[in-house]
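Please read the structure below before turning to the comments.
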Protein chains: 2
Amino acid sequence: MKQEDTRPEPTPGPTVADDEALGRLLASAHFRCRSLFDEVLRQSGLESRHFSVLLALRRLGPASQRRLIDSLGVEKSAMVRILDELERQGLAERRPDPRDRRAHAVHLTDGGRERLADAEELAAGAQPFGALTASERRQLATLLGRLAG
Amino acid sequence: MKQEDTRPEPTPGPTVADDEALGRLLASAHFRCRSLFDEVLRQSGLESRHFSVLLALRRLGPASQRRLIDSLGVEKSAMVRILDELERQGLAERRPDPRDRRAHAVHLTDGGRERLADAEELAAGAQPFGALTASERRQLATLLGRLAG
DNA sequence: TATTGTTATACTCTATAACTATA
DNA sequence: TATAGTTATAGAGTATAACAATA
């Protein structure tokens, strides 16, 4: 029979209630961050989701929807809608991919590039993480990266 | 005329693209955390939002909807729906508040208390922040707290 | 058979406004 | 006038399944 250890735990260990509170904090920070972005971007006719896709297109160059989806972690049906909206505004184009006739090569248009530059200037004023120093932002990115795994 | 400083900035300063990437990380961590919670809680017939309110009721004791709203940061119309669902399952009750006839005193029922205990046991298995040590969790809470302001 | 993209549906969360009954 | 709560609506997000065209 094992001996009972009656000493209190050295570190109490996180309770479920702690996890729940941290989860709410996560939600609140997320929504606040996005609403700050959206508020500032509104003047450019874009929202966060468009901005993210335009940035990805500039970063990756012409890319299939599949590649954008994997790169941004967006649902494929959501990506269809976002690209519809970007095309309607003339900011991106779906062109045929000569190497795979199922796929589209999504291109950033000149207009899209300009609009992105404008949006970037606006977004610089959003400062959604302005409460944190550069080092703290890196800390946060590391911690969140481990969670998003 | 001011002299041009041609030295590179010591710390490059966060770009808008960095902020955008961090925002996506925040979103992804948030949704992953909630889906882990919901998945594990499903067996108890509760979802995260119910769990949060039940925890708050146990923590605060009988409380007005206004108090729950302020305590959890939920919209008042959302709180109405959550309490409707909890009442329908017999887990909480809206009773008249003798001191303010506009307000309800929301009570946790015995059934609610039991269901909460069951849900807590289930939720302990969710480990939404299991990738982090206790100290990292505290770090994360501090950083997010500054963002949620 | 698997993959790319499309369409449709459902549910959650936020946000807002209009409304009631009280204070 | 302001507050507590209700109802309704709109918009964003996730998630899923079914489908067409192509690999």
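Lettering of chains follows the sequences in order, A, B, ..., and the numbering in each one begins at 1. Only heavy atoms go into these numbers, but all of them, side chains included; no hydrogens, no water, no symmetry mates.
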Between C/dT12 (P) and B/Phe37 (CZ): distance, integer Å:
18 Å
Using heavy-atom distances to pick each residue's nearest nucleotide on DNA chain D, tell me which of A/Val74 and B/Ile69 is more 5'.
B/Ile69
Counting side-chain heavy atoms from CB outward, which of D/dG13, C/dT4, D/dT7 is closest to A/Lys76?
C/dT4
Return the nearest nucleotide to the side chain of A/Arg49; candidates are D/dA12, D/dT16, C/dT6.
D/dA12
Between A/Glu47 and A/Arg34, does any NZ, NE, NH1 or NH2 come within less than 4.0 Å of an OD or OE carboxylate oxygen?
no
So, does the side chain of B/Ser77 form a donor-acceptor pair with the base of C/dT16 at under 3.5 Å?
yes
Before accepting this row, confirm whether a basic side-chain N of the pair A/Arg66/A/Asp70 lies closer than 4.0 Å to the acidic partner's carboxylate O.
yes
Could you tell me if A/His104 and A/Gln65 have a donor-acceptor pair between their side chains, going purely by distance under 3.5 Å?
yes
Side-chain contact check for A/Glu75: nearest option of D/dA4, D/dT16, C/dA15 is D/dT16
In whole angstroms, the gap separating P of D/dG13 from NE2 of A/His30 amounts to 8 Å
Whichever of B/Glu47 and A/Ala78 has its nearest DNA chain C nucleotide further upstream toward 5':
A/Ala78
Listed nucleotide nearest any side-chain atom of B/Gln65, set D/dA15, C/dT4, D/dG5
D/dG5
Taking the side chain of B/His104 as its heavy atoms from C-beta onward, which of D/dT6, C/dA21, D/dT16 lies nearest to it?
D/dT6
For the side chain of A/Ser48 and the backbone of A/Phe37, is there at least one donor-acceptor N/O pair under 3.5 Å apart?
no
Just compare C/dT3, D/dG5, C/dC13 and give me whichever is closest to any side-chain atom of A/Arg102.
C/dT3
When rounded to whole Å, the CG to C1' distance for the pair B/Asp70 and D/dA4 reads 11 Å
Atom-pair distance (CG on B/Leu46; C1' on C/dT12), nearest Å
16 Å
Decide, yes or no, whether a salt bridge links B/Glu136 with A/Arg146 under the criterion of side-chain N to carboxylate O below 4.0 Å.
yes
Check whether A/Arg115 reaches the backbone of A/Ser44 with its side chain - one donor and one acceptor, N or O, closer than 3.5 Å.
yes
Where along residues 80-101 of chain A does a heavy atom fall under 4.0 Å from DNA chain D?
A/Arg81, A/Asp100, A/Arg101
For the residue pair A/Asp38 and A/Ser35, confirm or rule out a side-chain donor-acceptor distance under 3.5 Å.
no
Can you tell me how far P of D/dT14 sits from CZ of B/Arg24, to the nearest Å?
12 Å
Taking atom P of D/dT6 as reference, at what distance in whole Å does atom CZ of B/Arg66 sit?
12 Å
Separation of B/Met79 atom CE from D/dT7 atom C1', in whole Å?
17 Å
If I take atom CZ in residue A/Phe31 and atom P in nucleotide D/dG13, what distance separates them, rounded to the nearest angstrom?
10 Å
